[in-house]
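Structure first, commentary second.
Count residues from 1 along the sequence.
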Amino acid sequence: MSHPWMLAALSVPLAGLALADETPTQLEPVVVTATRTAEPQDTTLASVTVIDRSEIERRQARSVPDLLRGLPGVSITRSGGPGHQSSIFLRGTSADHVLMLVDGVKIGSATTGTASLEDLPIEEIERIEVVRGPRSSLYGSEAIGGVIQVFTRRGGGDWSPRLTLSGGTLHTTQVAAGISGGGERGWVNLGASLDRTHGINACSGRSTPFASCGVEQDDRDPYRNLGLSLRAGYRLNAQAELEVNLLRTEGQLDFDGSAFAGNVSRSEQQVLGAKAIIEPLAPWTLTLAAGQSLDNYRSFFEDPDTDADERFVDQFETTRDSLSLQNDWRLAEAHLATLGLDYRVDHVSGSVDYSRDSRDNLGVFGEYQASLGAVDLKLSLRQDEDGELGGHGTGNAALGYLFDTGLRILLAYGTAFKAPSFNDLYYPNYGNPNLDPERSRSWELGIAGELPIGPGIDGRWDLSLYETDIDDLISYDAALSAAANVQRARIRGLEATTRANYLDWSLQTSLTLLDPENCSPGPNQGNLLPRRPEQSLEIDLERRFDRWSAGATLFVSGRRYDDLANKNRLDGYALLDLRAEYRINPALRLQARLENVLDEEYETAYLYNQLGRSVYLTLRYAL
């Protein structure tokens with residue numbers, strides 16, 4: 001691949017920066033998703049991006065897909081406006097190759113194999129960790145492209161109420177309120193939010209010849225979402241603590257559909273979790289966690305030409321019960337060993353009669369982490385036993401070296417797999433119970449260091465090169481009239497990020513170059529995999545004043561195709577967003593955001609429309 005964008009993006013943070021007298025002091029983020037143990041972000045041997053609460057509010061993002069857009073290695077496809085299905089492709093892998101967790105509990109539909117990120121209430125989120133690269137050796141199925149974990153607000157300290165009021169284009173409104181506290185040994189957070197919008201016409205489909213949603217309905221598609229979160233815990237003593245958490249969302253969406261597929265949906269997601277952390281001995285930490293996630297989707301048809309009541313069409317419900325036990329042993333100051341097991345049972349129900357409606361999985365994993373001077377080593381192995389698919393083993397190995405100059409180099413290799421979904425295995429007239437899991441092998445070379453500009457600038461850069469080969473991809477086989485393991489893919493990519501702070505200025509850039517090649521035998525061999533742009537670039541610049549701050553984000557996406565044959569080309573596009581904030585007093589802030597300033601018309605999925613120029617005002621109160 002030859003892309004001149006790389007040099008341009010890497011040089012952006014260097015332009016216009018001069019020496020300063022002081023270097024800002026920032027706390028180094030701690031991540032837990034990459035290894036299932038806490039470690040500083042800059043020392044983990046994985047490609048990780050952390051988005052905390054302050055970053056969420058600084059960006060003024062209105063949904064989780066909007067927040068993730070522009071991150072290195074992340075491609076997002078949205079089938080319409082707010083609330084419509086959003087698919088995330090991590091490092092060019094499929095949308096169902098991303099493991100989604102909320103407070104450690106796996107979420108999503110066991111029938112489709114994906115999670116509804118668009119419904120997660122952003123005002124109830126404390127932090128998001130995005131780990132890129134295979135992680136099946138720690139988490140099992142689906143973590144081929146990586147893991148995205150959402151942490152809800154935690155609370156702690158003095159009691160503090162909060163209130164958010166927002167409104168804008170398309171009669172969009174948002175109301176969120178909550179309270180957090182708990183004192184020195186406890187933490188409690190309770191929050192609720194309501195989002196509504198009149199929406200846009202989501203789809204410009206055609207019935208003849210059939211394309212996209214297959215219907216022509218030139219109307220607005222409104223969306224409403226209600227969210228509730230509760231998280232509470234208490235440290236009993238220096239050796240024990242307990243925590244419980246709840247996140248629930250209820251959404252309603254109109255979409256362009258038919259009497260067969262419906263045009264109104266109602267969905268519920270719920271995550272329940274409980275965790276106990278015990279330290280029986282000084283070097284031994286025992287973590288016991290239990291959880292349940294619910295994903296319920298119902299579709300209805302409301303005839304736009306009559307006043308008849310809506311008619312029920314379909315229902316798909318997934319319930320996941322999980323239990324995990326993790327033992328961490330600090331063998332020495334620089335050596336950590338982990339041994340654990342995960343057990344999960346998936347149940348599906350609804351209007352479709354599957355030949356099997358449940359399955360279970362037991363995973364046993366082990367990990368060893370060592371820091372030997374300038375050398376860091378991480379090894380992990382896992383064996384999963386599925387009640388239907390049998391056993392599957394995966395592993396990861398990562399080696400890092402830190403030079404005296406602060407430059408860090410890492411080399412990693414990992415294997416991963418994706419178990420077939422219930423639709424793949426058992427959906428009538430499509431499923432194939434003889435399917436094998438999808439399998440992958442990945443290599444990664446990473447380089448990271450401080451920006452070598454001067455003592456007055458706080459900044460870092462990192463560069464990652466990777467290749468992923470995926471075998472036994474599942475697709476419909478016309479010869480069998482059923483799903484089959486017939487596809488292969490090879491994905492090569494480059495990710496480059498920089499961040500720099502100078503006085504009251506901050507600058508972040510993110511560049512992704514991708515070559516997602518379809519290696520399946522047949523007429524599509526050598527084509528690009530659908531809906532993955534070959535290039536994407538984001539530049540975010542912000543200036544802070546006494547009470548004011550102002551920022552701009554430029555996001556550029558290259559071309560992509562919507563089909564395996566690469567006939568439906570979606571052109572590249574550029575989006576410019578502007579934002580400003582005024583701090584009225586320490587507890588009250590007024591924010592304004594102008595999205596898609598240039599009113600760009602673009603598609604991330606064929607014939608599905610996206611929002612044009614939009615403006616939003618937000619008032620935030622928090623003690």
Side-chain angles (χ1 to χ4, degrees), residues 29-36 39 41 44 46-53 55-56 59 61 63-78 85-110 112-122 124-153 227 229 245 247 249 269 271 273 291 293 295 320 322 342 396 414 416 418 440 442 444 464 466 468 491 493 495 497 510 512 531-532 536 538:
V30 173
V31 298
V32 298
T33 308
T35 61
R36 298 183 64 149
E39 60 179 340
Q41 179 183 354
T44 184
S47 297
V48 183
T49 301
V50 178
I51 307 173
D52 60 16
R53 186 68 224 172
E55 180 72 0
I56 294 173
R59 290 281 189 125
S63 69
V64 172
D66 290 341
L67 187 64
L68 298 180
R69 186 199 73 186
L71 295 186
V74 174
S75 304
I76 294 181
T77 295
R78 175 176 278 170
Q85 180 184 8
S86 298
S87 300
I88 292 185
F89 303 92
L90 199 53
R91 284 194 165 176
T93 60
S94 300
D96 57 356
H97 290 168
V98 181
L99 177 65
M100 291 297 311
L101 303 172
V102 171
D103 291 328
V105 180
K106 181 179 179 180
I107 66 170
S109 168
T112 65
T114 59
S116 302
L117 286 183
E118 62 274 5
D119 288 332
L120 293 178
I122 197 167
E124 308 308 319
I125 295 174
E126 181 71 30
R127 190 172 83 257
I128 299 178
E129 295 181 5
V130 181
V131 182
R132 304 182 296 280
R135 281 296 177 273
S136 283
S137 61
L138 292 175
Y139 293 98
S141 174
E142 299 177 22
I144 291 179
V147 180
I148 299 177
Q149 181 160 198
V150 173
F151 298 88
T152 55
R153 290 180 182 255
S229 71
N245 61 273
L247 177 67
T249 69
Q269 289 191 74
V271 182
S293 66
D295 186 289
R320 284 191 164 107
S322 59
D342 297 323
N396 268 65
K418 162 65 169 63
S440 74
S442 299
E444 180 177 359
S464 296
Y466 57 88
T468 299
I491 303 167
E495 298 164 1
T497 65
S510 171
T512 300
R531 298 188 175 182
R532 284 86 155 173
S536 61
E538 183 177 83

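In this structure, the side chains of Pro72 and Thr49 come closer than 4.5 Å at one or more pairs of heavy atoms. Between Ile88 and Leu117 the shortest side-chain heavy-atom distance falls below 4.5 Å. In this structure, the side chains of Ser510 and Thr497 come closer than 4.5 Å at one or more pairs of heavy atoms. Looking at heavy atoms from C-beta onward, Arg78 lies in side-chain contact with Asp66 at the 4.5 angstrom threshold. A 4.5 Å side-chain heavy-atom check between Arg153 and Ser229 finds every atom pair outside the cut-off. For the pair Ile107 and Leu247, the minimum side-chain heavy-atom distance is 4.5 Å or more.
What you find for Ala34 and Leu138 is that their closest heavy atoms are O-CD1, 3.4 Å. Closest of all the heavy-atom pairs between Ser440 and Thr468 is CB-CG2, 4.2 Å. Closest non-hydrogen pair, Val105 versus Gly273, comes out as CG2-CA, 4.5 Å. Nearest heavy atoms, Ala61 versus Leu67: CB-CD1, 3.8 Å. Between Gln269 and Ser116, the closest heavy-atom pair is NE2-O, 3.0 Å.
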All N/O donor-acceptor pairs, side-chain side in residues 141-149, below 3.5 Å, sequence neighbours left out:
| unit_1 | atom_1 | unit_2 | atom_2 | d |
| --- | --- | --- | --- | --- |
| Ser141 | OG | Ala419 | N | 2.9 |
| Glu142 | OE2 | Lys106 | NZ | 2.7 |
| Gln149 | OE1 | Gly104 | N | 2.8 |
| Gln149 | NE2 | Thr33 | OG1 | 2.9 |

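Taking Thr249 as the reference, nothing meets the side chain to side chain donor-acceptor pair (under 3.5 Å) condition, with sequence neighbours excluded. Taking the side chain to side chain donor-acceptor pair (under 3.5 Å) definition, one finds that Ser293 meets it with nothing, sequence neighbours left out. Among residues two or more places apart in sequence or in another chain, the salt bridge (Lys or Arg N to Asp or Glu O under 4.0 Å) test is passed with Glu126 by none. The side chain to side chain donor-acceptor pair (under 3.5 Å) test applied to Arg36 returns Gln326, Asp342, not counting sequence neighbours. For Ser75, there are no side chain to side chain donor-acceptor pair (under 3.5 Å) partners two or more places apart in sequence or in a different chain.
For the pair Glu124 (side chain) and Gly227 (backbone), a donor-acceptor distance under 3.5 Å is absent. Using a distance-only test at 3.5 Å, with no hydrogens or angles considered, a donor-acceptor pair links the side chain of Thr512 to the main chain of Gly73. Remark: the backbone N or O of Pro29 is not paired with any side-chain donor or acceptor of Gln41 at under 3.5 angstrom. A donor-acceptor contact shorter than 3.5 Å links the side chain of Asn396 to the backbone of Pro134.
Ser47 and Glu495 share no side-chain donor-acceptor pair at under 3.5 Å. No side-chain donor-acceptor contact under 3.5 Å links Ser109 and Asp295.
The CD1 atom of Ile76 sits 8.0 Å away from the CZ atom of Arg69 when rounded to the nearest 0.5 Å. The CD1 atom of Ile491 sits 8.5 Å away from atom NE2 of His97, with the distance rounded to the nearest 0.5 Å. Taking CG from Asp96 and OG1 from Thr112, the interatomic distance works out to 8.5 Å, rounded to the nearest 0.5 Å. Distance check: Arg91 CZ to Ser442 OG gives 8.0 Å after rounding to the nearest 0.5 Å. In this structure, the separation between CG on Leu99 and NZ on Lys418 is 11.0 Å, given to the nearest 0.5 Å.
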| said: Test side-chain contact (heavy atoms from CB on, under 4.5 Å) on Ile51 and Ile125; report intermediate values, then the result. | reply: CA-CA 10 Å; Ile51 307 173; Ile125 295 174; over 6 Å; no

| task | Let me see the working for Phe151 and Ile128 under side-chain contact (heavy atoms from CB on, under 4.5 Å), right down to the final yes or no. | result | CA-CA 6 Å; Phe151 298 88; Ile128 299 178; over 6 Å; no

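Geometric assessment of Arg531 against the ring of Phe89 yields a negative cation-pi assignment under the 6.0 Å and 45° thresholds.
Using a cut-off of 4.0 Å between Lys/Arg side-chain N and Asp/Glu carboxylate O, Glu129 and Arg135 are scored as not salt-bridged.
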